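Only a predicted model underlies this, so the values are computations on that prediction, with no experimental measurement involved.
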Amino acid sequence: MMRTRPLKVALLGCGVVGSEVARIMTTHADDLAARIGAPVELAGVAVRRPDKVRGGIPAELITTDATALVKRGDIDVVVEVIGGIEPARSLITTAFEHGASVVSANKALLAQDGATLYAAAEQHGQDLYYEAAVAGAIPLIRPLRESLAGDKINRVMGIVNGTTNFILDKMDNSGAGYSEALDEATALGYAEADPTADVEGFDAAAKAAILAGIAFHTRVRLDDVYREGMTEVTAADFASAKQMGCTIKLLAICERAADGESVTARVHPAMIPLSHPLASVREAYNAVFVEADAAGQLMFYGPGAGGAPTASAVLGDLVAVCRNKLNEATGPGESAYTQLPVSPMGDVVTRYHISLDVADKPGVLAQVATVFAEHGVSIDTVRQQGKDGEASLVVVTHRAPDAALSGTVEALRKLDTVRGVASIMRVEGE
């Protein structure tokens, strides 16, 4: 039997995502009520610019006082889609204090200070759901938190930023340089006017912190994530990748150490074999590859951003939280019982693809090989091409600690016969 008194929802932010949330709540009101077991009512919308026209939202619901809205006391659920650290953090904790559960899409806040939000939610007996914070419409957070809760996850590797994947895909398939591909992404609306958060890996790093924390039941903050952007990736790198049967993606990689005693989280460009499922992810799509003990290999794929896809994830959380409200229950909270340390990037075991500009004369390869041996790094393959006294030497290593590989590169730079290091890239997914 359906409850007649509606559950009241406060919406913080009414931009691209917030406006879609409001639209879906209105147009699908009957379906949402049937799925929840009670009607849901949009009780207020907090915005910065009240004079902006917002179709379908009654003017009396608009307010610039977000704090007063979440303090009303009759709000059941607060949907936060304003982003950033403050005032979002204060508004969310205030919502918990006044008896409201929270649905958020705020990856930056969750990655930087998720522990504070979890603690406040638990203290006041409320829910904190955030499916929309990672990979847009793709169901990912809830499968990791709930469907795989009985399994042991060993690795999560994915493409979690659509802008960077669009740029790299264009470079791969058209031969375009980075700047040209970025210009196209901007013209099509995939890249912001200032794309720094995307192309330098900040956005993906926040998502990696969230995924690692859930997957390994430990606290991983944004500062724990190694981050390397993709602005230095060149057309020549793609040419080298193709010779190896690979392509290049900006990957978020979260791993449990082989001994199970630590975890790592990192974001950087990497070559991956064309046979790997992530290699076929095109344009602005996202995909996340999960490896677990019992479940094996799983792939989650779909649109990772945009108003409607992200709103879909928000509404899914809203339904779940409202159901919990009706049943006077809460869903899963923070699971950080393992308290595993996060290892630095230097301890991560990786492979390198290194392209060197060297003098084309006898003994150069022997010098280079000696440097690798002195740093305990084994060489997998070497390819050399020379002309007119100059040569290109491409070395692919076996797996070794990243610190040893970085030390090798620094030593190579000091050789008189090495004119320069043209490119360095990690190789993943093998």
*Asks:* Counting only heavy atoms from other residues, nucleotides and ligands, does the tally under 6.0 Å from CD of E60 exceed 12?
*Replies:* yes
*Asks:* Report the C-alpha distance between N161 and T164 in whole Å, list the side-chain angles of each, state the deciding distance to 0.1 Å, and finish with yes or no for side-chain hydrogen bond (donor to acceptor under 3.5 Å, both in side chains).
*Replies:* CA-CA 6 Å; N161 183 277; T164 55; 3.2 Å; yes
*Asks:* Please check if the side chain of D259 supplies one atom and the backbone of E261 the other of a donor-acceptor pair under 3.5 Å.
*Replies:* yes
*Asks:* Donor-acceptor pair, S90 side chain versus P87 backbone, under 3.5 Å?
*Replies:* no
*Asks:* Would you call V70 and E97 a side-chain contact if the rule is heavy atoms closer than 4.5 Å?
*Replies:* no
*Asks:* Start with the C-alpha distance between D402 and R426, add both sets of side-chain angles, then the distance that settles salt bridge (Lys or Arg N to Asp or Glu O under 4.0 Å), and finish with yes or no.
*Replies:* CA-CA 9 Å; D402 201 82; R426 295 173 183 86; 3.0 Å; yes
*Asks:* Does atom CZ of R48 have more than 12 heavy-atom neighbours, drawn from other residues, nucleotides or ligands, at distances under 6.0 Å?
*Replies:* no
*Asks:* Measure the shortest side-chain to side-chain distance between L117 and T93 over non-hydrogen atoms and say whether it is less than 4.5 angstrom.
*Replies:* yes
*Asks:* Rounded to the nearest 0.5 Å, how far does OG of S423 lie from NE2 of H353?
*Replies:* 6.0 Å
*Asks:* Shortest non-hydrogen contact from P303 to I138?
*Replies:* O-CG1, 4.0 Å
*Asks:* With side-chain hydrogen bond (donor to acceptor under 3.5 Å, both in side chains) as the criterion, how do D237 and S240 come out once you've worked through the C-alpha distance, each side chain's angles and the decisive distance to 0.1 Å?
*Replies:* CA-CA 5 Å; D237 291 326; S240 294; 5.6 Å; no
*Asks:* Do R89 and Q112 have side-chain atoms, one donor and one acceptor, less than 3.5 Å apart?
*Replies:* no
*Asks:* Between the main-chain N or O of A209 and the side-chain N or O of D224, is there a donor-acceptor pair closer than 3.5 Å?
*Replies:* no
*Asks:* Is any side-chain heavy atom of E334 closer than 4.5 Å to one of R219?
*Replies:* yes
*Asks:* Can you name the closest pair of heavy atoms from L32 and M25 and give their distance?
*Replies:* CD1-CA, 3.9 Å
*Asks:* Begin from the C-alpha positions of N106 and E80 and carry the test side chain to side chain contact (heavy atoms under 4.5 Å, CB included) through to its verdict.
*Replies:* CA-CA 7 Å; N106 196 330; E80 183 271 311; 3.1 Å; yes
*Asks:* Count the heavy atoms belonging to other residues, nucleotides or ligands that lie under 6.0 Å from CG of D30, then report whether that count exceeds 12.
*Replies:* no
*Asks:* Once you round to the nearest 0.5 Å, how far does CZ of R155 lie from CD of E428?
*Replies:* 5.5 Å
*Asks:* Quick check: do E283 and N165 have side-chain heavy atoms less than 4.5 Å from each other?
*Replies:* no
*Asks:* Taking S174 for its side chain and K170 for its backbone only, find out whether a donor-acceptor pair lies under 3.5 Å.
*Replies:* yes
*Asks:* Checking V79 against V81 for the side chain to side chain contact (heavy atoms under 4.5 Å, CB included) test, could you report, in this order, the C-alpha distance in whole Å, the side-chain angles of both residues, the deciding distance, and whether it holds?
*Replies:* CA-CA 6 Å; V79 174; V81 288; 4.2 Å; yes
*Asks:* Once you round to the nearest 0.5 Å, how far does OG of S179 lie from CD1 of I167?
*Replies:* 9.5 Å
*Asks:* Quick check: do V9 and D76 have side-chain heavy atoms less than 4.5 Å from each other?
*Replies:* no
*Asks:* Does the pair R142/D317 count as a salt bridge with the N-to-O cut at 4.0 Å?
*Replies:* yes
*Asks:* Could you go through R266 and E228, starting from their C-alpha distance and side-chain angles, then the distance that decides it, and tell me whether this counts as salt bridge (Lys or Arg N to Asp or Glu O under 4.0 Å)?
*Replies:* CA-CA 8 Å; R266 51 196 164 103; E228 189 179 311; over 6 Å; no
*Asks:* Checking R227 side chain against A205 main chain: does a donor-acceptor pair fall under 3.5 Å?
*Replies:* no
*Asks:* Is there a donor-acceptor pair under 3.5 Å between the side chain of T338 and the backbone N or O of F216?
*Replies:* yes
*Asks:* Contact between L109 and E86 at the side-chain level, heavy atoms closer than 4.5 Å - yes or no?
*Replies:* no
*Asks:* Classify the ring geometry of Y118 against Y130: parallel below 30°, tilted from 30° to 60°, perpendicular beyond 60°.
*Replies:* perpendicular
*Asks:* Please check if atom CD in E146 has more than 12 non-hydrogen atoms from other residues, nucleotides or ligands closer than 6.0 Å.
*Replies:* yes
*Asks:* Could you tell me whether the side chain of R282 and the main chain of F166 form a donor-acceptor pair under 3.5 Å?
*Replies:* no
*Asks:* To the nearest 0.5 Å, how far apart are CD1 in I82 and CG in L11?
*Replies:* 10.0 Å
*Asks:* Report yes if the side chains of T397 and D380 come closer than 4.5 Å at any heavy-atom pair, otherwise no.
*Replies:* no
*Asks:* Where is the tightest heavy-atom contact between G307 and V16, given as atom of each residue plus distance?
*Replies:* CA-CG1, 3.5 Å
*Asks:* Considering non-hydrogen atoms only, spot the tightest contact between E131 and A313 and give its length.
*Replies:* CG-CB, 4.0 Å
*Asks:* What's the spacing between T186 OG1 and D194 CG if we round to 0.5 Å?
*Replies:* 10.0 Å
*Asks:* Spell out, as yes or no, whether a donor-acceptor pair under 3.5 Å connects the side chain of D357 to the backbone of S392.
*Replies:* no
*Asks:* Identify every side-chain donor-acceptor pair in residues 289-300 under 3.5 Å, counting partners at least two apart or on other chains, and give the distances.
*Replies:*
| from | atom 1 | to | atom 2 | distance (Å) |
| --- | --- | --- | --- | --- |
| D293 | OD1 | N154 | ND2 | 2.7 |

*Asks:* To check you understand the geometry: which heavy-atom pair defines the closest contact between A43 and K8, and what is its length?
*Replies:* CB-CB, 3.9 Å
*Asks:* Please find the pair of heavy atoms, one from Y352 and one from S406, that lie closest to each other, and give the distance.
*Replies:* OH-OG, 3.4 Å
*Asks:* Under 4.0 Å between a Lys/Arg side-chain N and an Asp/Glu carboxylate O for D172 and K242?
*Replies:* yes
*Asks:* Do V102 and F96 make a side-chain contact, defined as non-hydrogen atoms from C-beta onward lying under 4.5 Å apart?
*Replies:* yes
*Asks:* Kindly compute the distance separating CD1 (I424) from CG (L412), expressed to the nearest 0.5 Å.
*Replies:* 9.0 Å
*Asks:* List the steps and the verdict of side chain to side chain contact (heavy atoms under 4.5 Å, CB included) for F372 and V395.
*Replies:* CA-CA 10 Å; F372 277 90; V395 179; 3.7 Å; yes
*Asks:* Applying side chain to side chain contact (heavy atoms under 4.5 Å, CB included), run through Q126 and T330 and close with a yes or a no.
*Replies:* CA-CA 6 Å; Q126 304 299 326; T330 55; 5.7 Å; no
*Asks:* Can you check whether V160's main-chain N or O pairs, donor with acceptor, with K207's side chain at less than 3.5 Å?
*Replies:* yes
*Asks:* Would the distance check show the side chain of T264 and the main-chain N or O of S343 forming a donor-acceptor pair, the cut-off being under 3.5 Å?
*Replies:* no
